[in-house]
Amino acid sequence: MKLKNYLLLLLVSLSLGQTYAQNCSSFIADDRVIGGTHLLKTHPQTLVVRGNYSYSIELLTDDKGVLGKMYSKAGVDFNQGDEIIFMDDKSTRKAYRFIEMGEMKAESGTPVHVNLLQLDVAAVDWFSNTNIVTIYIKNNISNEMRKFTVNASRQSSFRASSVCFGQNLEVDKINDVVLVGNDLSSRAKISSTGPRTEGVSSTQSSSAQPAKPTTDQELEDLNAELAQTKEAVRAEIKAEQDKADGIKRKIQEEIALAREQGEAKKAEYAQEVLASRQKSQEQIEKNRAEVEGLIKDARSKASTEIEKINATVAEAKQNAAEEIQAAHVKAAEEVAAARENAASEIKKVKENLELAKIEYADEIATARENSERELGEIRAETAKMIADAREKAKTEQNATAEEVVEVKKTASEQILQTREETAAEIARIRENAVLEKEKLAFEIAESRRKAAEEKAMLQETSSSELAEIRENVAK
């Protein structure tokens with residue numbers, strides 16, 4: 001049974017490889033063997049596009065082994081030691097590290113940052129047999145991580161490129177640097193949906209053991225550390241709030257500018273309509289005066305002239321009917337074009353709105369993962385501090401009976417309680433700071449999403465009103 005399943009999987013893989021092999025010429029950019037080393041390279045494949053920035057990757061080989069060249073167009077910089085974490089549709093996560101300082105270049109005035117990821121043959125096999133649904137860009141200097149969702153079409157293109165790369169790769173002619181420890185799937189993860197606990201568990205405090213008393217200097221040091229931590233957290237929260245206020249003001253200014261531009265366009269179209277109506281009225285008055293002059297002249301002439309005028313009037317009516325028909329046709333064409341343009345504008349606005357929703361979801365996930373990671377670090381530090389205090393209390397408890405009197409025992413309990421309360425207070429303050437950062441990140445993302453929706457509504461309304469105005473003008 002196992003052999004049958006294995007053969008079936010092999011046939012599926014071979015058929016998938018044959019399907020992609022038909023179009024490999026469009027993915028492979030270079031395929032040479034120089035000095036016994038196979039130099040293979042694919043064309044860059046775009047993984048993420050968000051507004052005015054994007055991230056792409058190309059697979060290649062050289063004397064360093066299998067590499068991935070990442071392009072950040074108007075996005076974040078890739079520092080040496082930073083990581084790209086790929087996640088497939090089975091939630092398998094694998095991390096790959098940048099190995100160079102990177103370089104900066106410009107394309108049509110847009111900055112593009114380029115750096116190399118260290119890959120291996122196993123990474124190419126993984127890319128070829130799965131769909132990469134999400135990438136994480138981890139900055140190991142600031143310890144921040146950004147999440148980006150890869151849409152279905154780009155998943156398929158990257159997988160096809162990986163399949164072609166693997167089929168053309170001559171493994172015996174490259175220096176494969178086998179990576180270990182980069183599979184993050186088996187590591188413990190902090191749940192991003194589970195409940196959060198504030199401060200330190202009460203069961204931990206109640207099971208504490210008394211410690212040997214010390215001088216008041218240690219209490220003063222702990223109080224000083226607590227005060228410094230509070231000041232640092234307050235300053236950090238204030239800086240984040242100022243940053244969020246600045247972003248909100250910028251978004252409000254953009255919305256106000258969009259509204260002003262919309263109103264200006266409406267006024268411009270209204271002026272065009274008014275000028276067209278005035279011009280039409282002037283032409284009507286001019287035609288009416290000409291007709292009255294012709295009638296007056298016709299009455300003053302003989303009956304033969306009247307017949308001649310009647311013939312001229314009949315010809316003029318025919319010409320006018322032809323011109324009116326031509327004007328109707330032209331107006332209908334303009335109305336159809338205006339409606340088509342308006343539909344195109346509305347479609348584009350909806351696409352931008354969907355892209356903004358994806359970006360909003362990625363920003364929320366990034367903020368949540370960063371905050372959860374910092375909360376885990378803070379709680380681990382707090383647990384270590386309490387464990388150290390208990391260990392010290394157990395060590396000092398073994399003093400001789402002559403040294404441990406009732407008064408000292410009471411003082412030891414108070415000092416231990418003070419230490420635990422101080423550690424708990426520090427942990428609570430740091431956790432609240434992280435939660436405040438997460439809240440600010442959510443507010444910023446929500447403001448951007450609302451701004452994008454309002455811009456989309458304004459653009460859609462302007463497009464609809466423009467089509468309606470043009471249709472009215474044509475009528």
Side-chain angles (χ1 to χ4, degrees), residues 44-51 53-59 67-100 102 113-120 122-124 126-127 130-152 154-155 157-159 161-162 179-194 355-377 434 437-438 441-442 444-445 448:
Q45 298 297 318
T46 301
L47 297 177
V48 175
V49 175
R50 296 286 188 273
Y53 63 91
S54 63
Y55 298 99
S56 308
I57 185 173
E58 68 180 38
L59 303 177
L67 304 173
K69 181 178 282 188
M70 289 290 300
Y71 297 87
S72 171
K73 187 174 183 180
V76 300
D77 294 344
F78 300 137
N79 306 302
Q80 186 175 17
D82 288 354
E83 294 176 298
I84 299 293
I85 301 174
F86 296 89
M87 185 177 76
D88 64 8
D89 50 7
K90 301 178 183 61
S91 298
T92 301
R93 298 190 184 194
K94 294 185 179 181
Y96 301 95
R97 194 177 298 271
F98 289 104
I99 60 175
E100 294 185 354
H113 194 80
V114 184
N115 206 340
L116 293 177
L117 286 174
Q118 181 66 65
L119 305 178
D120 56 4
V124 177
W126 183 50
F127 293 155
T130 190
N131 290 322
I132 301 300
V133 298
T134 306
I135 65 170
Y136 298 85
I137 301 177
K138 184 179 179 182
N139 188 322
N140 285 327
I141 296 176
S142 61
N143 202 22
E144 292 182 353
M145 188 160 58
R146 298 172 180 267
K147 174 187 176 184
F148 297 97
T149 303
V150 183
N151 64 28
R154 295 191 175 92
Q155 293 175 23
S157 297
F158 180 56
R159 183 174 181 180
S161 177
S162 302
L179 303 177
V180 294
N182 64 322
D183 191 347
L184 310 181
S185 305
S186 60
R187 299 183 185 178
K189 302 175 184 175
I190 299 174
S191 174
S192 59
T193 58
L355 188 61
K357 289 180 179 179
I358 293 176
E359 185 175 0
Y360 167 75
D362 288 345
E363 289 180 356
I364 291 295
T366 299
R368 180 169 292 141
E369 290 196 9
N370 288 332
S371 64
E372 293 293 349
R373 175 176 46 75
E374 292 183 11
L375 286 175
E377 293 175 357
V434 172
K437 285 184 183 179
E438 180 182 357
F442 286 176
I444 292 171
R448 288 178 177 170

Rounded to the nearest 0.5 Å, what separation is found between the CG atom of Asp82 and the CD1 atom of Ile137?
9.5 Å

Any side-chain heavy atom of Ile99 sitting closer than 4.5 Å to one from Gln80?
no

Any idea which heavy atoms bring Glu144 and Arg373 closest together, and the distance?
CA-NH2, 4.0 Å

For residues Ser56 and Thr46, report the shortest heavy-atom separation together with the two atoms involved.
OG-OG1, 3.4 Å

Which heavy-atom pair separates Arg154 from Val49 by the least distance, and what is that distance?
NH2-CG2, 3.4 Å

Can you classify the ring geometry of Tyr55 versus Phe78 as parallel (below 30°), tilted (30 to 60°) or perpendicular (above 60°)?
tilted

With the side chain counted from C-beta on, respond yes when Thr92 and Asp183 share a heavy-atom pair under 4.5 Å apart, and no when they do not.
yes

Can you tell me how far CG of Leu179 sits from NZ of Lys94, rounded to the nearest 0.5 angstrom?
10.0 Å

side-chain contact (heavy atoms from CB on, under 4.5 Å), that's the test. Do Gln45 and Glu58 meet it? Break it down for me.
CA-CA 6 Å; Gln45 298 297 318; Glu58 68 180 38; over 6 Å; no

I'd like to check Thr149 versus Met87 (side-chain heavy atoms, cut-off strictly below 4.5 Å). Are they in contact?
no

As an exercise, state the distance from CG of Asn143 to CD1 of Ile141, rounded to the nearest 0.5 Å.
11.0 Å

For Tyr136 against Arg93, the heavy-atom pair lying closest together:
OH-NH2, 3.2 Å

Considering non-hydrogen atoms only, spot the tightest contact between Val48 and Ile135 and give its length.
CG2-CD1, 3.9 Å

Is the shortest side-chain heavy-atom distance between Thr130 and Arg159 below 4.5 Å?
no

Could you please spell out the steps behind the side-chain contact (heavy atoms from CB on, under 4.5 Å) verdict for Thr134 and Lys147?
CA-CA 7 Å; Thr134 306; Lys147 174 187 176 184; 3.7 Å; yes

Contact summary for Arg97 and Asn140, nearest pair of heavy atoms
NH1-ND2, 3.3 Å

Would Asn139 and Asn79 count as a side-chain contact (heavy atoms from CB on, under 4.5 Å) if you check the C-alpha gap in whole Å, the side-chain angles of each, and the deciding distance to 0.1 Å?
CA-CA 8 Å; Asn139 188 322; Asn79 306 302; 3.6 Å; yes

Under the criterion side-chain contact (heavy atoms from CB on, under 4.5 Å), I'd like the reasoning laid out for Val76 against Tyr53: C-alpha separation, chi angles, the key distance, then a yes or no.
CA-CA 9 Å; Val76 300; Tyr53 63 91; over 6 Å; no

CD/Glu438 to OG/Ser371 distance, rounded to the nearest 0.5 angstrom?
3.5 Å

How long is the gap from CZ on Phe148 to CD1 on Ile358, to the nearest 0.5 Å?
12.5 Å

Do Gln155 and Val133 come close enough that some side-chain heavy atom pair is under 4.5 Å?
yes

Parallel, tilted or perpendicular, as decided by the 30° and 60° cut-offs, for the rings of Phe86 and Phe158:
parallel

Excluding sequence neighbours, so at least two apart, what forms salt bridge (charged side-chain N to carboxylate O under 4.0 Å, His left out) with Glu363?
Arg448

Would you compute the distance between atom CG of Leu117 and atom OH of Tyr96 and round it to the nearest 0.5 angstrom?
9.5 Å

Exam field: side chain Asn370 to backbone Met145, donor-acceptor pair closer than 3.5 Å:
yes

Please name the residue in the list Leu67, Val124, Leu59 that meets the side-chain contact (heavy atoms from CB on, under 4.5 Å) test with Leu119.
Leu59

